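To keep things clear, I will list the structure first and then write my remarks on it.
Owing to the predicted nature of the structure, the values given are computational and were not obtained by experimental measurement. All heavy atoms count here, side chains included; hydrogens, waters and symmetry mates do not. The residues of the chain are indexed from 1 along the displayed sequence.
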Amino acid sequence: MHRVLILLLAVSLLVQCAPTSGSLYMPAEFCYVDEVAPGVRADLKYAGHDNFVGRPISGYEGQRPLLRRDAAQALARAAEALRRRGYGLLVWDAYRPSRALLDFRAWSRTADDHTKAEFYPRITKQEIYDGRYIGDTSEHTWGIAVDLTLVHLPSGAPVDMGGRHDLLDTSSATYSQEVTPEQQAHRRLLHDAMLAAGFENYTKEWWHYRLANSKPWRVYNFPVRDDLQRLPAPSPGRQGSSAP
């Protein structure tokens with residue numbers, strides 16, 4: 001039994017740290033969002049071309065968003081509260097492999113600016129980092145952050161929030177006065193539902209929320225795939241320490 005436990009812990013560490021995309025496992029503390037909140041829709045932007053880089057991002061190989069289970073449960077609470085008001089949630093990004101951050105940084109050093117007009121019209125690629133729209137660390141890699149918007153029920157039609165996903169611009173601030181009063185009201189509706197469910201907002205981006213009081217924080221690097229299996233939880237007293 002002792003050897004089996006050591007083997008499971010070793011496999012868990014390999015899943016989190018290995019840069020390969022062939023792993024078919026997620027850590028025990030993770031789940032697919034649709035397992036906990038089946039009514040939440042998904043359109044993972046970094047798995048396709050509709051994002052500020054303009055191509056699929058490293059580590060994204062599927063369309064089922066993942067979160068740490070406590071974050072997914074909080075998201076389910078927000079979705080239920082909004083459902084009673086005739087709205088649903090559409091997830092654009094959730095757990096993000098750490099290799100994606102390296103991909104973003106590598107892109108930032110290239111001359112490729114073909115997505116500028118649509119995603120960062122008033123700033124340069126370096127100012128994306130200087131303005132803290134993107135960084136070399138991310139709450140998404142901890143499995144506790146989600147990018148999302150509102151949709152109308154039952155049609156699923158997007159609600160007008162006054163700007164698209166990853167519009168890296170001052171107009172994307174949650175309380176921006178550059179959008180209409182109706183769009184501001186929609187942002188407040190999402191904000192209030194998410195905060196009531198236990199999330200905090202990153203005020204530069206109306207779509208970005210992280211689970212409040214969510215330690216331990218640990219960086220993960222397993223891929224986003226639709227067919228991951230869950231590793232058994234390590235025995236008490238044998239878990240690795242978490243990154244700060």
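Salt-bridge check for Glu35 with Arg230: passed, with a basic side-chain N closer than 4.0 Å to an acidic carboxylate O. One finds a salt bridge joining Glu118 and Arg164 here, because a Lys/Arg side-chain nitrogen approaches an Asp/Glu carboxylate oxygen to under 4.0 Å. The pair Asp169-Arg122 meets the salt-bridge criterion, with a side-chain N (NZ, NE, NH1 or NH2) lying under 4.0 Å from an Asp/Glu carboxylate O. With respect to Arg210 and Glu200, a salt bridge is recorded, a charged nitrogen being found less than 4.0 Å from a carboxylate O. With salt bridges taken as basic N to acidic carboxylate O contacts below 4.0 Å, one links Glu80 and Arg83.
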Between Glu139 and Arg96, does a salt bridge (Lys or Arg N to Asp or Glu O under 4.0 Å) hold up when you go through it step by step? CA-CA 9 Å; Glu139 298 156 348; Arg96 179 184 303 166; over 6 Å; no

Check against side chain to side chain donor-acceptor pair (under 3.5 Å), Glu178 and Thr170: CA-CA 8 Å; Glu178 298 179 60; Thr170 56; 2.8 Å; yes

May I have the step-by-step check of salt bridge (Lys or Arg N to Asp or Glu O under 4.0 Å) for Arg64 and Asp34, ending in yes or no? CA-CA 8 Å; Arg64 292 178 71 189; Asp34 58 29; 2.7 Å; yes

Given the rule in the side-chain contact (heavy atoms from CB on, under 4.5 Å) test, do Leu148 and Leu75 qualify, once you have shown the distances and angles that lead to the verdict? CA-CA 10 Å; Leu148 76 177; Leu75 188 64; 3.7 Å; yes

Could you give me the CA-CA distance, side-chain angles and deciding distance for Arg225 and Glu61, then say whether salt bridge (Lys or Arg N to Asp or Glu O under 4.0 Å) is met? CA-CA 5 Å; Arg225 294 175 57 128; Glu61 304 170 25; 3.4 Å; yes

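In this structure the side chain of Ser172 never reaches within 4.5 angstrom of the side chain of Lys204, judged on heavy atoms. Residues Trp206 and His191 are not in side-chain contact: their nearest non-hydrogen atoms beyond the backbone lie 4.5 Å or more apart. Proximity of Met194 to Val146: side-chain heavy atoms (C-beta onward) are separated by under 4.5 Å at one or more points. Between Tyr87 and Val151, every side-chain heavy-atom pair lies at or beyond the 4.5 Å cut-off. Between Phe222 and Leu228 there is a side-chain heavy-atom pair separated by less than 4.5 Å. Taking 4.5 Å as the limit, some side-chain heavy atom of Thr141 sits within range of a side-chain heavy atom of Leu101. Leu190 is listed as a side-chain neighbour of Leu89, based on a closest heavy-atom distance under 4.5 Å. The shortest distance between side-chain heavy atoms of Arg55 and Asp50 does not fall below 4.5 Å.
A parallel orientation is assigned to the rings of Trp142 and Trp217, their planes being inclined by less than 30° (bins at 30° and 60°). A perpendicular orientation is assigned to the rings of Tyr46 and Tyr60, their planes being inclined by more than 60° (bins at 30° and 60°). Taking the six-membered ring where the residue is Trp, Tyr220 and Phe30 present perpendicular rings, their angle passing 60° and hence far from 30°.
Within the 3.5 Å criterion, the main-chain N or O of Val219 finds no donor-acceptor partner in the side chain of Ser98. Of the possible polar contacts, one joining the Tyr32 side chain to the Asp227 backbone as a donor-acceptor pair under 3.5 Å is found. A donor-acceptor pair under 3.5 Å is absent between the side-chain atoms of Asp166 and the main chain of Asn51, judged by distance alone. A donor-acceptor pair under 3.5 Å links the side-chain atoms of Arg187 to the main chain of Gly162, judged by distance alone. Under the 3.5 Å distance criterion, the side-chain polar atoms of Asn201 are left unmatched by any main-chain donor or acceptor of Tyr209. Asn221 places no side-chain N or O within donor-acceptor distance of the main-chain N or O of Pro97, the cut-off being under 3.5 Å. In terms of modelled atom types and a separation under 3.5 Å, the side chain of Tyr129 and the main chain of Arg105 share a donor-acceptor contact. The closest donor-acceptor contact from the side chain of Arg68 to the backbone of Ser214 lies under 3.5 Å. Here the side chain of Asp43 pairs no donor or acceptor atom with the backbone of Trp92 at under 3.5 angstrom.
In the hydrophobic clustering of this structure, Val33 does not group with Leu153; members are Ile, Leu, Val, Met, Phe, Trp, Tyr whose side-chain heavy atoms approach within less than 4.5 Å, directly or through other members. The same ILVMFWY cluster, assembled from side-chain heavy atoms under 4.5 Å apart, contains both Phe104 and Ile128. There is a path of hydrophobic side-chain contacts, each under 4.5 Å, that joins Val40 to Val159. Linking Ile, Leu, Val, Met, Phe, Trp and Tyr residues whenever their side-chain heavy atoms come within less than 4.5 Å leaves Ile134 and Leu167 in two separate clusters. No path of Ile, Leu, Val, Met, Phe, Trp and Tyr side chains, each step under 4.5 Å between heavy atoms, connects Tyr202 with Trp207, placing them in separate hydrophobic clusters.
Contact record, Gly143 with Ala71: O-CB, 3.9 Å, taken as the closest heavy-atom pair. The two residues Gly62 and Ala47 make their nearest non-hydrogen contact at O-CB, 3.5 Å. His208 approaches Ala145 most closely through the heavy-atom pair CE1-CB, 3.9 Å. Minimum interatomic distance between Leu211 and Gly198 (heavy atoms only, all atoms of both residues): CD1-O, 3.5 Å. For the pair Arg69 and Cys31, the tightest heavy-atom approach, listed with the atom from each and the gap, is NH2-CB, 3.4 Å. Here the shortest heavy-atom pairing between Ile144 and Phe199 reads O-CE2, 4.2 Å.
With rounding to the nearest 0.5 Å, the separation of CG in Asp70 from CG in Leu67 is 9.0 Å. We find the CG-CD distance between Leu44 and Gln63 to be 4.5 Å, quoted to the nearest 0.5 Å. The distance from atom NE2 of His165 to atom CG of Leu90, rounded to the nearest 0.5 Å, is 10.0 Å. One finds the CD atom of Gln184 at 14.0 Å from the CG atom of Leu189 (value rounded to the nearest 0.5 Å). Put simply, CG on Leu150 and NE2 on His186 are 8.0 Å apart, with the number rounded to the nearest 0.5 Å. Between Thr174 atom OG1 and Met161 atom CE the span is 9.0 Å, to the nearest 0.5 Å.
Between His140 and Asp147, the side chains place a donor N or O and an acceptor N or O closer than 3.5 Å (distance only, hydrogens not considered). No donor-acceptor contact under 3.5 angstrom links the side chains of Gln126 and Ser108, judged on distance only.
Other residues, nucleotides and ligands contribute over 12 non-hydrogen atoms within 6.0 Å of the CG atom of Asp136.
Taking the six-membered ring for Trp and the full ring otherwise, Trp107 and Phe52 have centroids separated by under 6.0 Å.
Geometrically, Lys125 does not engage Tyr120 in a cation-pi contact, judged by NZ or CZ lying under 6.0 Å from the ring centre and within 45° of the ring axis.
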